[in-house]
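Working notes, beginning with the structure itself.
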There are 2 protein chains.
Amino acid sequence: MSGRLTIVGIGPGPARWMTPAAQEAIAAATDIFGYSSYVDRLALKPGQTMHESGNRVELDRAGAALAAAQSGRHAVMISGGDPGVFAMAAAVFEAIERGPEEWRSIDVVVEPGVTAMLAAAARIGAPLGHDFCAISLSDNLKPWSAIEKRLRLACEADFVIALYNPASLARPEGIHRAFGVLRQARPGDTVIVFARAVGREDERVVITDLESADPAMADMATVVIVGSSATRLVQREQGVPWVYTPRSMELGRG
Amino acid sequence: MSGRLTIVGIGPGPARWMTPAAQEAIAAATDIFGYSSYVDRLALKPGQTMHESGNRVELDRAGAALAAAQSGRHAVMISGGDPGVFAMAAAVFEAIERGPEEWRSIDVVVEPGVTAMLAAAARIGAPLGHDFCAISLSDNLKPWSAIEKRLRLACEADFVIALYNPASLARPEGIHRAFGVLRQARPGDTVIVFARAVGREDERVVITDLESADPAMADMATVVIVGSSATRLVQREQGVPWVYTPRSMELGRG
């Protein structure tokens, strides 16, 4: 009896942004684990067992998938975007570390995916064209002081910043605090992008600046991109401007 | 005559990590532009015109693709990984900004892809499971002092760090300098991963620590992942250890 666990990133939404490797893994699964709203996006085959769960029981979900793999099942753990970026892969390896010794022998494979900031960036141009960082405001596993310190240092380093999970249920005020930090550290004309549900039916993308931005626009499905000092707009007669960060630091501000 | 330009990320290597959207765009192209080693990976159809070029003429290549689109062709610009991360998308938008006014009306679409650090992370576990940054050591468009400052601040912020283009022809000494900075800023047992050509035939992945790491292992096809203070190993009886960064900052060092 040789089971396995494949941790799969299904991308930001549409099947056209899901890799063939992810689709194959899902097709070959006997048991599919994941947060309900991701699992609901999949077209499943007869005979596949679904194990849906809420989004706040990650270690339990990881343990259940590992136990299924250990018992010989072909388990798949579903993540939105890429499973390694603020998603289920870290929870699975944490569960392995804390779990019974035999879980370390389970055949675990991680299938990468298109993470949300890449889809958001693609939609508006190339804001991540130069050095950048990704910070999660989400979980309640991280003290606010640490988030604030990272934000300040990211501004000092002049990174483009992608903020994930800007308005989690556990910390709805986080995005307002984060904008307070950004407004102290960066000029008012810094480019800000709210990219919500990119690639899905309820997509909404707003390009604005730090002075005008309303942090309340960010909900749980939003990635917020904060430009560096080099991030610039290319205006167009029709449509919204392109946003990009040049490869050269000497090009300066547009 | 209505042309268009689609900037496509083909992922880190194998077709199974290329999105269906990228494959469709390539199939629909009349003209394909890109760095030779990427274009060579594609299976092309009769009638498609190839425009291969070296990897140091990005603005020229972008301009040629835009001119083709402007003349009514269906041009596709190929990038490895994701086109928005240290790749061709920023060069295209820079060419648009510098180019003739009518280029701003061209129908440009960016198709995201799996960028190299995500494939590298998936191969070894979940090192990007918590806040991280991506820094390119590559181009000669960025003064070394700026790279060094970002590295120092990234260490102070305790980000996991992904180093792209660690040993470009234009700056082969960059990775040695970068390790000099890292060794001043981080302890010797910091997890270091050299992930070369992940998903391709010549893949080589080495997990080590900052004290033992030999920067010369990084070539142009390598992404180097530098752990944060929380990044840890899960030892296994068989095979290399898993590397992951826990979601919680309180879990501490393994």
Side-chain angles (χ1 to χ4, degrees), chain A residues 11 15-21 24 82 84-86 89-91 93-94 96-97 104-105 110-115 118-119 121-123 125-126 128-136 139 141-143 146 149-150 153-154 156-157 159 234 236-238 242 244-251 254, chain B residues 11 15-21 24 82 84-86 89-91 93-94 96-97 104-105 110-115 118-119 121-123 125-126 128-136 139 141-143 146 149-150 153-154 156-157 159 234 236-238 242 244-251 254:
Chain A
R16 60 196 294 277
W17 282 346
M18 192 192 312
T19 66
E24 283 162 23
D82 177 89
V85 176
F86 310 125
F93 292 107
E94 187 179 331
I96 291 173
E97 191 180 23
R104 298 184 183 220
S105 307
V110 183
E111 282 296 347
V114 173
T115 183
L118 300 184
R123 187 63 98 218
L128 306 179
H130 207 347
D131 304 337
F132 63 91
C133 66
I135 298 176
S136 172
D139 54 21
L141 300 169
K142 170 158 75 167
K149 181 181 175 192
R150 281 192 176 146
L153 290 166
E156 195 182 337
F159 282 121
V234 182
R236 293 186 287 171
E237 272 193 29
Q238 288 145 350
W242 293 115
Y244 85 102
T245 306
R247 308 154 305 147
S248 164
M249 295 186 80
E250 273 90 46
L251 197 58
Chain B
R16 59 195 295 277
W17 282 346
M18 192 191 313
T19 66
E24 284 163 22
D82 177 89
V85 175
F86 309 125
F93 293 106
E94 187 179 331
I96 292 174
E97 190 179 22
R104 299 184 183 220
S105 306
V110 184
E111 282 297 347
V114 174
T115 183
L118 300 184
R123 188 62 96 218
L128 305 179
H130 208 347
D131 303 336
F132 63 92
C133 66
I135 297 176
S136 172
D139 54 20
L141 300 169
K142 171 158 74 167
K149 181 181 175 191
R150 280 192 176 146
L153 290 166
E156 195 182 337
F159 282 120
V234 182
R236 293 187 287 171
E237 271 192 30
Q238 289 145 349
W242 293 117
Y244 85 102
T245 307
R247 308 154 303 147
S248 165
M249 294 187 79
E250 274 88 47
L251 197 57

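Numbers restart at 1 for each chain; the letters A, B, ... are given by sequence-line order, proteins then strands.
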Quick one: of [options], who has the most non-hydrogen atom pairs under 4.5 Å with chain A?
options	value
B/E156, B/Q238, B/M18, B/R123	B/E156
B/A90, B/G129, B/P112, B/A157	B/P112
B/A121, B/A126, B/A89	B/A126

- Contact winner vs chain B - A/G113, A/G125, A/A119, heavy-atom pairs under 4.5 Å: A/G125
- Task: With a 4.5 Å cut-off on heavy-atom pairs, point out which of A/G11, A/S105, A/A154, A/A21 contacts chain B the most.
- Result: A/A21
Answer yes or no: is there a side-chain heavy-atom contact under 4.5 Å between [X] and [Y]?
X	Y	value
A/C133	B/F159	yes
B/V85	A/F132	yes
A/T115	B/T115	no

- Query: Side chain, backbone, both or neither: which part of A/A134 has a non-hydrogen atom closer than 4.5 Å to chain B?
  - Reply: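 Both the backbone and the side chain of A/A134 come within 4.5 Å of chain B.
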- Item | A/A15 versus chain B, the contacting section by heavy-atom distance below 4.5 Å | backbone
- Query: Does B/D131 use its side chain to pair, donor to acceptor, with the backbone of A/S136 at less than 3.5 Å?
  - Reply: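 At least one qualifying donor-acceptor pair exists.
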- Item | Residues which pass ring-ring contact (aromatic ring centres under 6.0 Å, His included) with A/W242, listed by chain and number, not counting sequence neighbours | B/F93
- Charged N to carboxylate O under 4.0 angstrom, B/R16 versus A/E111?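 Salt bridge: yes.
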- Item | Atom pair OH/CD of B/Y244 and A/E94 - distance to nearest 0.5 Å | 4.5 Å
- Roughly how far apart are A/H130 NE2 and B/R150 CZ, rounded to 0.5 Å?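 The CZ atom of B/R150 is 5.0 Å from NE2 of A/H130, to the nearest 0.5 Å.
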- Tell me, please, which residues at least two apart from A/R236 pass side-chain hydrogen bond (donor to acceptor under 3.5 Å, both in side chains).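 Applying side-chain hydrogen bond (donor to acceptor under 3.5 Å, both in side chains) to A/R236 gives none.
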- Candidate pair A/L118 and B/L118, rule side chain to side chain contact (heavy atoms under 4.5 Å, CB included), full reasoning: CA-CA 11 Å; A/L118 300 184; B/L118 300 184; 4.1 Å; yes
- Item | Closest non-hydrogen atom pair, B/P20 against A/P20 |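 Minimum heavy-atom separation between B/P20 and A/P20: CD-CD, 4.5 Å.
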- Message: Working note: B/R104 + A/E237, criterion salt bridge (charged side-chain N to carboxylate O under 4.0 Å, His left out); need CA distance, chi angles, decisive distance, verdict.
- Response: CA-CA 8 Å; B/R104 299 184 183 220; A/E237 272 193 29; over 6 Å; no
